[in-house]
Amino acid sequence: MPKHALEPYILEPARECMPVRELRALQSESLVRGTRRAWEQVPLYRRKFEEAGVDPGEVRSIEDLPRLPFTHKTDLRDTYPFGMLAVPFERVVRIHASSGTTGKPTVVAYTRNDLELWAQMMARALAASGVRPGMVVQNAYGYGLFTGGLGFHYGAERLGAAVVPISGGNTQRQLLLLQDFASALIVCTPSYALFISEAAAEEGIDLHDLPVAAGIFGAEPWSGEMRAEIEARWGIRAYDHYGLSEIIGPGVAHECPGRNGLHIQEDQFIPEIIDPATGQNLPDGSLGELVITAVGKEALPLVRYRTRDCTRLLREPCQCGRTLSRMEKIAGRTDDMIIVRGVNVFPSQIESVLLKFEGLEPHYQILVDRGTSQTDDLEIRVEIPESIRQDPAKIAQFESRLSYEISGTLGIRVRLELLPPKSLPRSEGKSQRVIDKRKPNP
Ligand code: DLL
């Protein structure tokens with residue numbers, strides 16, 4: 001069957017292509033209104049503003065943002081489960097939660113209007129990859145407390161597409177329905193997209209023969225090389241999509257066909273980049289921590305939320321016509337950044353090197369441990385093809401090339417463990433790539 005012909009479009013040009021000056025005025029207006037409401041309705045904000053010595057009456061425009069206090073994930077945890085709500089509980093119609101690695105989950109809540117807004121943000125993102133009525137969208141993000149499944153679900157429905165709410169997992173059935181329903185789009189985490197392609201190969205299914213023409217992947221960091229790998233295996237266009245539960249779920253930023261950064265839905269979510277160590281704002285184009293202000297939401301307005309995700313803001317105009325700023329693909333999380341012998345390492349840097357090696361499987365794990373000499377050891381476990389494993393001469397050559405490339409990129413020496421194919425765990429949702437044994441167990 002031929003691939004679907006997708007024609008990306010702009011769903012809401014009046015917002016997405018707004019002159020920048022008007023956009024900034026809109027953001028300022030929403031900030032003034034939203035900060036006052038947060039101050040009035042949420043005791044935590046009243047206290048934070050007082051501590052920062054800021055009266056909400058002094059907030060006049062987005063220029064005042066850097067004076068406002070930050071909100072941290074710990075604030076949501078400390079007020080668990082509903083202490084940061086800015087509306088009476090009777091107005092809440094949905095609750096989601098993200099599972100942290102430690103302790104209680106982070107709980108987020110939505111009013112009916114918040115759900116409307118979320119669906120609209122998602123619809124814009126899906127339109128940007130060409131979803132239209134009559135098309136089938138196979139939704140392999142997890143349904144449940146995780147925001148991925150329901151986020152994409154309502155966005156696709158809003159555009160009039162037919163959603164298949166298959167959720168993550170059940171890979172054989174994913175393949176069956178992709179064929180039988182002639183889905184135009186697959187949406188899931190990038191690591192699950194790889195896993196599905198592996199299963200397809202085992203079943204003798206060539207994904208290039210299926211109508212699926214694009215995929216929207218997110219919820220975890222993935223490199224440009226991983227995109228190329230997924231595109232080659234599936235014969236599709238792969239779009240990146242970013243979001244986090246606290247801000248709304250997916251729907252915060254998405255790629256357009258230019259795929260030169262992800263457009264942040266700035267009319268709702270105001271981005272800043274800060275130095276994570278000092279909290280100071282950094283000039284556009286600098287790599288730093290993304291901070292988002294989302295005060296237009298009714299149930300859970302957030303002022304200067306520290307995402308802990310590292311990226312750069314790109315303000316130059318985009319060829320697609322959208323005036324919304326873009327952010328670079330996420331480099332990693334500040335808490336995923338491994339500091340080994342004083343050098344900052346992101347898993348995505350290692351992924352990029354691995355994927356430059358012909359025939360290497362993009363399955364890897366990074367282990368950090370404190371060695372016997374009290375220095376940090378970085379070990380990279382990677383699967384290598386049988387053709388190399390069977391040949392001792394090839395293995396030695398391969399190992400020295402790989403270790404040379406990785407050491408060159410990271411600036412530190414690493415240990416490699418070369419494993420047989422399919423020995424590392426696969427993921428149907430977010431994958432866990434880093435095991436830091438220096439950290440105490442949760
Ligand atoms: O992962 C929401 C989502 C669902 C986004 C589906 C995209 C697609 P959380 O579970 O709260 O929400 O996790 C949010 O995941 O702070 C990032 O660290 C990471 N993340 C999300 N999207 C990307 C991406 C959802 N495209 C956390 N690239 C965020 C890199 C991402 N990291």
Side-chain angles (χ1 to χ4, degrees), residues 71-73 76-77 95-101 105-110 118 121-122 124-126 128-129 137-156 165 167-168 185-193 215-227 230 238-255 259 261-265 269 271 276 289-292 294 300 302 305-312 326-337 346-349 351-352 427-434:
T71 310
H72 300 266
K73 201 180 185 80
L76 284 158
R77 295 246 166 93
I95 297 165
H96 280 279
S98 69
S99 55
T101 44
T106 308
V107 178
V108 294
Y110 304 73
W118 190 16
M121 297 295 113
M122 290 308 303
R124 284 187 192 170
L126 287 153
S129 56
V137 175
Q138 185 152 323
N139 187 0
Y141 282 111
Y143 278 66
L145 287 176
F146 174 54
T147 49
L150 287 174
F152 275 86
H153 183 102
Y154 286 106
S167 194
L185 241 82
I186 172 88
V187 299
C188 61
T189 60
S191 50
Y192 192 45
I216 304 183
F217 307 112
E220 61 183 4
W222 54 309
S223 59
E225 288 77 11
M226 178 76 101
R227 187 209 302 268
I230 293 175
Y239 294 90
D240 195 358
H241 188 102
Y242 170 81
L244 61 166
S245 326
E246 298 88 318
I247 298 303
I248 201 155
V252 175
H254 63 86
E255 281 184 325
R259 300 190 307 173
L262 292 81
H263 287 283
I264 304 176
Q265 312 241 35
F269 312 121
E289 179 181 344
L290 176 67
V291 168
I292 301 179
L300 194 66
L302 291 179
Y305 186 72
R306 301 274 302 249
T307 66
R308 299 197 262 182
D309 294 317
C310 292
T311 184
R312 289 174 222 274
R326 286 160 295 143
M327 61 179 220
E328 236 173 35
K329 219 172 188 356
I330 298 282
R333 288 179 65 75
T334 52
D335 31 358
D336 259 0
M337 187 176 78
F346 278 120
S348 58
Q349 290 175 287
E351 181 177 296
S352 300
S427 152
E428 293 171 353
K430 296 184 193 239
S431 56
Q432 200 201 349
R433 306 258 195 227
V434 182

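In each ligand, atom 1 is the first atom listed, and ligand 1 is the first ligand listed.
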- Note on the structure: re atom 1 (O) of ligand 1, the protein heavy-atom contact at minimum distance is Lys430 NZ, 2.8 Å

- Structural part of Leu244 in contact with ligand 1, heavy atom criterion under 4.0 angstrom: both

- With only distance considered, is Gly218 within less than 3.5 Å of ligand 1 through an N or O on each side? no

- Item | Ser167 side chain to Tyr143 backbone, donor-acceptor under 3.5 Å | yes

- Residues passing the side chain to side chain donor-acceptor pair (under 3.5 Å) test with Arg326, sequence neighbours excluded, are none

- Item | Heteroatom distance test (Tyr141, ligand 1): nitrogen or oxygen, under 3.5 angstrom | no

- Below 4.0 angstrom from a heavy atom of Phe146, which ligand 1 atoms are there? Numbered from 1 as shown, please. 1 (O), 4 (C), 10 (O), 25 (C)

- Are the side chain of Thr147 and the backbone of Ser245 linked by a donor-acceptor contact shorter than 3.5 Å? no

- Message: Please find the pair of heavy atoms, one from Trp222 and one from Pro190, that lie closest to each other, and give the distance.
- Response: CG-CG, 3.4 Å

- Task: Decide yes or no for Ser223 and Met226: does some side-chain heavy atom of the first lie under 4.5 Å from some side-chain heavy atom of the second?
- Result: yes

- Verdict with reasoning, Glu246 to Leu302, per side chain to side chain contact (heavy atoms under 4.5 Å, CB included): CA-CA 8 Å; Glu246 298 88 318; Leu302 291 179; 3.8 Å; yes

- Out of Ile248, Asp240, Asp309, Leu262, indicate the one that has the non-hydrogen atom closest to atom 16 (O) of ligand 1. Asp309

- For atom 11 (O) of ligand 1, what's the nearest protein heavy atom and its distance? Ser245 OG, 2.5 Å

- Identify the protein heavy atom lying closest to atom 25 (C) of ligand 1, giving its residue, its atom name and the separation to 0.1 Å. Gly243 O, 3.6 Å

- Item | Non-hydrogen atom of Lys329 closer than 4.0 Å to ligand 1 | no

- Message: With nothing but distance in play, are any N or O atoms of Ser98 less than 3.5 Å from an N or O of ligand 1?
- Response: no

- Task: Mind checking whether Thr106 contacts ligand 1 via backbone (N, CA, C, O), side chain (CB onward), both or neither, at a 4.0 Å heavy-atom cut-off?
- Result: neither

- Which heavy atom of Ala238 sits nearest a heavy atom of Glu255, and at what distance? O-OE1, 4.0 Å

- Query: Considering only protein heavy atoms, which is closest to atom 19 (C) of ligand 1, and at what distance to one decimal place?
  - Reply: Ala219 O, 3.7 Å

- Taking atom types as modelled, find out whether Ser431 and Glu220 have a side-chain donor-acceptor pair closer than 3.5 angstrom. yes

- Within a strict 4.5 Å, meaning less than it, do heavy atoms of the Tyr154 and Trp118 side chains meet? no

- Message: If we set the cut-off at 4.0 Å for heavy atoms, which region of Thr147 has an atom near ligand 1: side chain, backbone, both, or neither?
- Response: side chain

- Message: Please determine whether a side-chain nitrogen of the Lys or Arg among Arg312 and Glu328 lies less than 4.0 Å from a carboxylate oxygen of the Asp or Glu.
- Response: yes

- May I ask which of Gly249, Cys188, Pro221 has a heavy atom nearer to atom 30 (C) of ligand 1 than the others do? Pro221

- Note on the structure: In ligand 1, the atoms that come under 4.0 Å of a heavy atom of Gly148 are 4 (C), 6 (C)

- Do me a favour and list the nearest non-hydrogen protein atom to atom 28 (N) of ligand 1 with residue, atom name and distance? Glu220 O, 3.3 Å

